Amino acid sequence: YTSSDGQTWPANLGNIMVDPRFCGWGAPEVWVDVRREGHGTGTQDAPYSSLSLALDGFRWNLAWDSPCRGTGKDGEDMGAALDACDSARFSSRRVHLAAGLHPMGAHDLSHHVSLEGAGQDETIIDGTVFGLRTGESISRLKVTRGLSGIVIHGSEAPEVIDCTISGNFDDGVVCQGYSSPRISRCSIVGNLGDGVACHDSSSVAITECTISGNPGAAGKLFQAGGNG
């Protein structure tokens, strides 16, 4: 097991508490424009034609200098037997989204991905946003037609900035256990559940937001078990 997220695991053979140095992302910053013909390459001049292309391509291969090389059982590498890259590349990615409808599909942002749109009335994410990590953000876009709008996983502390979160079939934002997101200058309106639902010692910092018209099961802004 490898971990660089600060969790404590037993110091047994096969457990290390350092960055495993995966090959990661090929580029730290890419662009997406759904109006483009063809796939594109993700550059500003030749953007990808879909969000799914921007969220594919994280490489789990170990870099040659990975601490997981030769530290497994009988001197084997930890993890899957994949070709190595010369060095770890980029551990995070920022995706710039042009105006248009961007289906989220089954993708998530767990490989330290941030999303930046062209404006809340211009860039629309269709579906639930999962996996936003500490140090990452989504900004300047609208999230709609998800089961919930944005789900913040446990112990993560990302930012949601200048977004509209509306028209989702349950809660607007869900904060899972011990998460602590920051939500700034957002409109969280017209979702069928709570506006922001906090669970199990989670907390949320909300600044300059409009939260209304989210009936929820009991008409609450925050669910029990969380801290506002």
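Start at 1 with the first residue, then count along the sequence. Not measured: the values here are computed from a predicted model.
Across every non-hydrogen atom of C163 and S139, the tightest pair is SG-CA, 3.7 Å. Residues A98 and A118 approach most closely at C-CB, 4.3 Å, considering heavy atoms. In terms of heavy atoms, D56 sits closest to H107 at OD1-CE1, 3.1 Å. What you find for D194 and D171 is that their closest heavy atoms are N-OD1, 2.7 Å.
Side-chain contact annotation: E159 with S137, donor-acceptor N/O pair under 3.5 Å absent. T164 and S166 share no side-chain donor-acceptor pair at under 3.5 Å.
Grouped by direct or indirect side-chain proximity (heavy atoms under 4.5 Å, Ile/Leu/Val/Met/Phe/Trp/Tyr only), V34 sits alone.
Tested against L115, the residues V32, I138, T123, V143 include a single side chain to side chain contact (heavy atoms under 4.5 Å, CB included) partner, I138.
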Under the side-chain hydrogen bond (donor to acceptor under 3.5 Å, both in side chains) rule, what do T43 and D45 come out as? Steps first, then yes or no, please. CA-CA 5 Å; T43 65; D45 293 332; 5.6 Å; no

Under the side-chain contact (heavy atoms from CB on, under 4.5 Å) criterion, do Q44 and D33 qualify, and how do the steps go? CA-CA 9 Å; Q44 196 166 6; D33 190 339; over 6 Å; no

Show your reasoning for whether side-chain contact (heavy atoms from CB on, under 4.5 Å) applies to L53 and V30. CA-CA 10 Å; L53 291 171; V30 294; over 6 Å; no

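Residues V129 and V189 do not share a hydrophobic cluster, clusters being chains of Ile/Leu/Val/Met/Phe/Trp/Tyr side chains in contact below 4.5 Å. Put simply, V174 and F130 are part of the same group of oily side chains (I, L, V, M, F, W, Y) that touch within less than 4.5 Å, one to the next. There is no path of hydrophobic side-chain contacts, each under 4.5 Å, that joins V151 to L109. When the side chains of ILVMFWY residues are joined at heavy-atom separations under 4.5 Å, either directly or via intervening members, I188 and I161 end up in two distinct hydrophobic clusters. Under the 4.5 Å side-chain contact rule for hydrophobic residues, I124 and V173 do not share a cluster.
Using a 4.5 Å cut-off on side-chain heavy atoms (C-beta onward), L192 and D170 make no contact. A 4.5 Å side-chain heavy-atom check between C209 and S187 finds every atom pair outside the cut-off. Counting heavy atoms from C-beta outward, R94 and E116 have side chains that approach closer than 4.5 Å. Looking at V160 and I150, their side chains come closer than 4.5 Å, going by heavy atoms from C-beta outward. At a threshold of 4.5 Å between non-hydrogen side-chain atoms, the residues I152 and H199 do not count as touching. In this structure, the side chains of D162 and Q120 come closer than 4.5 Å at one or more pairs of heavy atoms. For the pair M104/L51, a side-chain contact is recorded, criterion being any heavy-atom separation below 4.5 Å from C-beta on.
Judged as a side-chain hydrogen bond (donor to acceptor under 3.5 Å, both in side chains), the pairs with a partner in residues 140-154 (not counting sequence neighbours) are, in order, D126-R145.
Taking NE2 of H112 as the start and OG1 of T134 as the end, the distance is 7.5 Å to the nearest 0.5 Å. From S202, atom OG reaches atom CD of E156 across 13.0 Å, with rounding to the nearest 0.5 Å. Atom CG in L97 sits 12.0 Å away from atom CH2 in W31 (nearest 0.5 Å). One distance of note links CG of N214 with CD1 of I165; it measures 9.5 Å at 0.5 Å rounding. Of the inter-residue distances, the one linking E29 atom CD with S114 atom OG reads 10.5 Å to the nearest 0.5 angstrom. Taking CG of N168 as the reference point, atom OG1 of T128 lies at 6.5 Å (rounded to 0.5 Å).
The environment of Y178 atom OH is sparse: at most 12 non-hydrogen atoms of other residues, nucleotides or ligands sit within 6.0 angstrom.
Ring geometry, W25 versus H111: the interplanar angle exceeds 60°, so the pair is classed perpendicular (tilted spans 30 to 60°).
Under a 3.5 Å cut-off, the side chain of S49 and the backbone N or O of G38 do form a donor-acceptor pair.
A salt bridge does not link E208 to R185: none of the charged nitrogens lies less than 4.0 Å from a carboxylate oxygen.
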